[in-house]
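Note that this is a predicted model, so its numbers are computed, not measured.
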Amino acid sequence: MVLLNTALPRKGDGVFSLMRAEFAYHDLLRRMYRQAAAEAQPDAVLVCYLDSCVNAIAIKGSPFGRTPWSGIVMRQRFHHAASGVPTAAAPLDAIKKKMFLRMLRNNSLAKLFTIDPTLPRWCEQVVGPLAVRTSYLPDPADLSPADSMISAARGRFGIPEGVCLVLLYGSIGPRKGIAPLLEAAVRLGNFHVLLAGAQTDAAKQVLQMSSAVELRRQGRLHEADHFLDEQEQGAAFAAADIVWLGYQGHDTMSGVIVLAGAAGRPVLSCDRGLIGWMTQNYQCGLAVDVADARVVATALGQLVASPSLRQQLGANGKEHFAVHTVENFTAPVLSWLMASD
């Protein structure tokens, strides 16, 4: 078995830049495979992040010859509109759909794994029997904060007892909805905000705006501007009452919603993409149009004012995301690999 987990940086966001990067990645996989095969013929190949060359494989074929191969896709969104996921149509969706189906029909493809629960269902409707090649992997989260940790967790980040805390977690950039969150915090005045994660340069610029300055003056904005280790991550979610997922222009999966579910914390999310779809279908939070400041403030105010609502939504998330364990993520992959020996 060959395990391939690498990616090439892409310069530019245009179509031609994307395809050049995909072809380069395809060639890299082919070279890596041939180097490995020179020592021993692999029984199977697993590509851990397949999104980097879906279109290249559709055009050029498998870089692994006739060896059975599998891969994990994480950011396909061309099928969302047809799957009931609220999303805006993209100009290349039709082409990406054709490329995906062409790749799915590759003769040596054995299994296609995805962290998007709507993709295998869409495949069943579109390609029929060929859909057996697809398999859903629940995006895993290894987090289980206990209520007894709350006081110590808040102390770690300098957060007072008795306040309602909204957490924004992860790599923090403007598209995570920093501006609408801080504007709502100033407007409402009854909750604190914790930004837990490394801030991009663009995020630091946003955090110079008047709402951030005012929240700092009031002592209501708390920042941990670095990558959080496992203990800090657990503490951040233990400290939180609400998890912010008001992302902008993000249509694919987010591991933060899984972490919120594992922690039993409700989310305030965007109403678009898989995040909005899961929030609404799993009833694990409130989903809003992040561009509407009044709607954002109203929803946050509703969550802040009602501990019972937070508890119910958090419990729903904990129930629905309970299957998102490392074991359930790895078991189907390991099963396929063992069958390929």
Side-chain angles (χ1 to χ4, degrees), residues 1-8 10 15-16 18-34 36-37 41-85 87 89-137 251-253 274 329 332-341:
M1 185 268 289
V2 177
L3 179 69
L4 299 177
N5 183 25
T6 185
L8 291 176
R10 192 172 88 233
V15 175
F16 294 109
L18 170 65
M19 289 311 302
R20 281 196 300 270
E22 287 215 15
F23 287 146
Y25 188 66
H26 185 282
D27 291 343
L28 174 63
L29 292 179
R30 179 174 54 81
R31 292 195 303 270
M32 293 173 66
Y33 170 76
R34 288 184 176 181
Q41 178 60 39
D43 296 305
V45 177
L46 173 65
V47 184
C48 297
Y49 185 72
L50 186 60
D51 296 270
S52 292
C53 62
V54 166
N55 300 307
I57 291 177
I59 294 172
K60 300 182 70 174
S62 170
F64 317 119
R66 296 182 179 179
T67 301
W69 64 277
S70 176
I72 304 173
V73 293
M74 304 182 187
R75 297 193 177 276
Q76 301 300 310
R77 59 171 300 280
F78 62 86
H79 64 291
H80 279 171
S83 301
V85 177
T87 186
L92 296 179
D93 279 354
I95 296 175
K96 289 183 177 180
K97 171 185 172 181
K98 290 181 179 180
M99 292 295 100
F100 177 86
L101 292 175
R102 183 179 175 90
M103 181 210 64
L104 190 62
R105 295 186 178 100
N106 182 272
N107 289 333
S108 55
L109 172 63
K111 184 66 73 172
L112 181 72
F113 297 105
T114 175
I115 62 173
D116 180 345
T118 69
L119 184 55
R121 301 173 192 169
W122 178 85
C123 288
E124 288 178 4
Q125 297 174 350
V126 175
V127 297
L130 194 61
V132 297
R133 288 187 172 183
T134 65
S135 182
Y136 172 60
L137 297 178
D251 284 335
T252 52
M253 185 60 183
L274 272 181
F329 180 86
V333 178
L334 292 175
S335 177
W336 173 75
L337 290 173
M338 294 295 292
S340 300
D341 289 343

Notebook entry, point to check: Can you name the nearest heavy-atom pair linking D51 to Q76, along with the distance?
Noted result: OD1-NE2, 2.9 Å
Checklist line | Exercise: identify the closest heavy-atom pair between V73 and L112 | finding: CG1-CD1, 3.9 Å
Next item on the list: Using side chain to side chain donor-acceptor pair (under 3.5 Å) as the criterion, list what pairs up with S108, not counting sequence neighbours.
Entry: W69, N106
Check: Do L104 and T134 have side-chain heavy atoms sitting under 4.5 Å apart?
Finding: yes
Next item on the list: Would you name the heavy atoms of Y25 and V47 that are closest together and state the gap between them?
Entry: OH-CG1, 4.1 Å
Item checked: Student check: side-chain heavy atoms of I57 and P63 closer than 4.5 Å -> yes
Notebook entry, point to check: About how many Å separate CG of D43 and CG of L337, when rounded to the nearest 0.5 Å?
Noted result: 10.0 Å
Margin query: Nearest 0.5 angstrom please: R75 CZ to S52 OG, how far?
Written below: 10.0 Å
Check: Which distance, rounded to the nearest 0.5 Å, do you find between the CZ of R105 and the CG of L101?
Finding: 5.0 Å
Item checked: Which residues share a ring pair (Phe, Tyr, Trp, His ring centres under 6.0 Å) with F113, sequence neighbours left out -> none
Notebook entry, point to check: Sequence neighbours excluded, which residues qualify as side chain to side chain donor-acceptor pair (under 3.5 Å) partners of S83?
Noted result: none
Notebook entry, point to check: With sequence neighbours left out, which residue pairs that include part of residues 111-121 fulfil the side-chain hydrogen bond (donor to acceptor under 3.5 Å, both in side chains) condition?
Noted result: H79-D116, H79-T118, H80-D116, D116-T118
Next item on the list: Might you confirm whether atom CZ of R102 has over 12 heavy atoms from other residues, nucleotides or ligands at distances under 6.0 Å?
Entry: no
Note to self: If you compare all heavy atoms of W336 against all heavy atoms of A44, which two are closest, and at what distance to 0.1 Å?
What the structure shows: CH2-CB, 3.6 Å
Notebook entry, point to check: Which value, rounded to the nearest 0.5 Å, describes the distance between F23 atom CZ and L18 atom CG?
Noted result: 9.5 Å
Notebook entry, point to check: Donor-acceptor pair, E124 side chain versus A131 backbone, under 3.5 Å?
Noted result: no
Note to self: Using only atom types and a distance under 3.5 Å, with no angle test, would you say the side chain of D251 pairs donor to acceptor with the backbone of T87?
What the structure shows: no
Notebook entry, point to check: Going through the checks in order, is the side-chain contact (heavy atoms from CB on, under 4.5 Å) test met by M103 and L50?
Noted result: CA-CA 11 Å; M103 181 210 64; L50 186 60; 3.9 Å; yes
Can you give each donor-acceptor pair under 3.5 Å made by side-chain atoms of residues 91-99, sequence neighbours left out, with the distance rounded to 0.1 Å?
residue: D93; atom: OD1; partner: R77; partner atom: NH1; Å: 3.3
residue: D93; atom: OD2; partner: A90; partner atom: N; Å: 3.1

Item checked: Gap separating the CG atom of L137 from the CE atom of M74, nearest 0.5 angstrom -> 8.5 Å
Margin query: List the residues meeting ring pair (Phe, Tyr, Trp, His ring centres under 6.0 Å) with F78, not counting sequence neighbours, and say none if there are none.
Written below: F100, W122
Next item on the list: Search all heavy atoms of F329 against all heavy atoms of P332 and return the closest pair with its distance.
Entry: O-CD, 3.6 Å
Margin query: Quick check for you: to the nearest 0.5 Å, what is the distance between C123 atom SG and L130 atom CG?
Written below: 8.0 Å
Next item on the list: Take I59 and M19, measure what side-chain contact (heavy atoms from CB on, under 4.5 Å) needs, and give me the verdict at the end.
Entry: CA-CA 10 Å; I59 294 172; M19 289 311 302; 3.8 Å; yes
Item checked: Side chains of Q41 and T67, donor plus acceptor under 3.5 Å -> yes
Check: R133 and V127: side-chain contact (heavy atoms from CB on, under 4.5 Å), yes or no, with the steps?
Finding: CA-CA 10 Å; R133 288 187 172 183; V127 297; over 6 Å; no
Note to self: I need the full list of salt bridge (Lys or Arg N to Asp or Glu O under 4.0 Å) pairs touching residues 24-34, with sequence neighbours left out, sorted by first then second residue.
What the structure shows: D27-R30, D27-K60
